[in-house]
Amino acid sequence: MRIARFTTGEDPLYGVVTGELDEFGQPDPESVIVALAGDPLYVGVKLLDQEHKLEDVRLLAPVLPRSKVVGIGRNYAAHAAEMGNDVPTEPLMFLKPNTSVIGPGDPIFYPPQTQNLHYEGELAVVIGRICRDVPPEQATDVIHGYTIGNDVTARDLQKLDGQFTRAKGFDSFCPLGPWIETDLDPHDFSEGRSVQTHLNGDLVQNGSTEDLIFDIPTLVAYVSSVMTLLPGDVILTGTPEGVGPMNVGDEVEVSIAGLGTLTNKVALR
Ligand code: MG
């Protein structure tokens, strides 16, 4: 099931998106979104007698992280190498504030403090219930679903600061969407799903989730051994090789096979 958050100009609602995705991760033009009563994270899936054509609604970030977005650095060997880094011996964790989250179609704002703003297309895991010290074999039980993320990074500030808070923490630096797919399990990603980023239509990242150094159950176990995870918290699983700069006016699309495509443009505030 694909769960989105949307507005028709009124208060935001959650909804279930129907229809198939094409090979580029775009939904069938006939797709509709069936509205739900409340947030399915907390009240389950309760269909309302209200549906809209997908093209008639504006999609919003499909989840509002309750407390945090946990990023994982250097989780693809080829990306670690392109940045001149070794592969870590255990997951490299950092935080993005929940205020960095934006939805599909929302602008990524180019801050005046950087001259080198990068995209990082990533698979995002959405946590479904409060948990800590989750054994890897029980990770599936605490995962609500999967979406697409862009771990936007001011690369010059990351190097300058020697840590990631400023470089990855600006408002709008965590596009998420277009929806949460709830019918997959971590094994589906271990077998390999493509993670692709296009910049202005050009393919710039072309990875596969089978190349994750630390797989999803390992990440859930690791992160939850440090901090309690809450419903709606997000874990970004790392980016494949091919990161690079974006400029004002650029359009960046991150696609994951079977999940869809997340599109945003870069703008000045
Ligand atoms: Mg990243």
Side-chain angles (χ1 to χ4, degrees), residues 61 63 65 68-88 90-102 108-111 114 116-127 146-177 189 193-199 204-216 218-220 222-223 226-227 233-246 250 252-256 259 261-264 266:
V63 60
K68 55 199 170 288
V69 176
V70 181
I72 302 296
R74 303 172 195 162
N75 202 22
Y76 289 82
H79 169 63
E82 75 177 343
M83 301 307 292
N85 294 309
D86 292 332
V87 171
E90 53 186 333
L92 173 64
M93 231 176 16
F94 60 90
L95 291 175
K96 288 170 89 84
N98 56 4
T99 44
S100 64
V101 171
I102 59 172
I108 298 165
F109 288 115
Y110 202 119
T114 179
N116 195 12
L117 186 69
H118 278 205
Y119 54 80
E120 294 189 358
E122 309 200 2
L123 169 67
V125 179
V126 182
I127 298 299
Y146 301 89
T147 189
I148 302 167
N150 188 345
D151 176 21
V152 177
T153 303
R155 196 67 71 198
D156 47 354
L157 302 184
Q158 185 182 29
K159 291 201 174 82
L160 193 65
D161 292 352
Q163 49 97 341
F164 300 173
T165 306
R166 179 168 66 143
K168 291 175 177 284
F170 285 92
D171 288 0
S172 81
F173 272 27
C174 191
L176 293 175
F189 296 100
R193 284 178 179 254
S194 71
V195 180
Q196 295 188 330
T197 304
H198 288 82
L199 188 68
V204 287
Q205 288 191 289
N206 190 10
S208 169
T209 55
E210 71 184 327
D211 295 325
L212 286 167
I213 295 167
F214 300 106
D215 65 10
I216 293 164
T218 303
L219 294 178
V220 170
Y222 187 85
V223 175
V226 176
M227 57 186 80
D233 282 352
V234 169
I235 301 174
L236 297 175
T237 57
T239 198
E241 69 178 315
V243 299
M246 302 182 287
D250 285 352
V252 59
E253 297 168 282
V254 183
S255 304
I256 298 181
L259 285 189
T261 296
L262 170 66
T263 304
N264 298 87
V266 182

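Counting begins at 1 with the first residue of the sequence. Ligands are counted one by one from 1 in listed order, and the atoms in each one are counted from 1 as well. Values reported hereafter were calculated over all heavy atoms of this structure, with side chains retained and with hydrogens, waters and symmetry mates removed.
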*asked:* Could you report the tightest heavy-atom contact between Ser100 and Gly169, atom names first, then the distance?
replied: CB-O, 4.2 Å
_How close do Ile72 and Met93 get, counting heavy atoms only, and between which atoms?_
CD1-CG, 3.9 Å
Checking one value in my table: which N/O/S atom of [X] lies closest to the Mg ion (ligand 1)?
| X | value |
| --- | --- |
| Asp151 | OD2 |
| Glu120 | OE1 |
| Glu122 | OE2 |

*Any sub-3.5 Å donor-acceptor pair from Lys68's side-chain atoms to Asn98's backbone N or O?*
no
*Taking C-beta and beyond as the side chain, do Tyr146 and Thr237 meet within less than 4.5 Å on heavy atoms?*
no
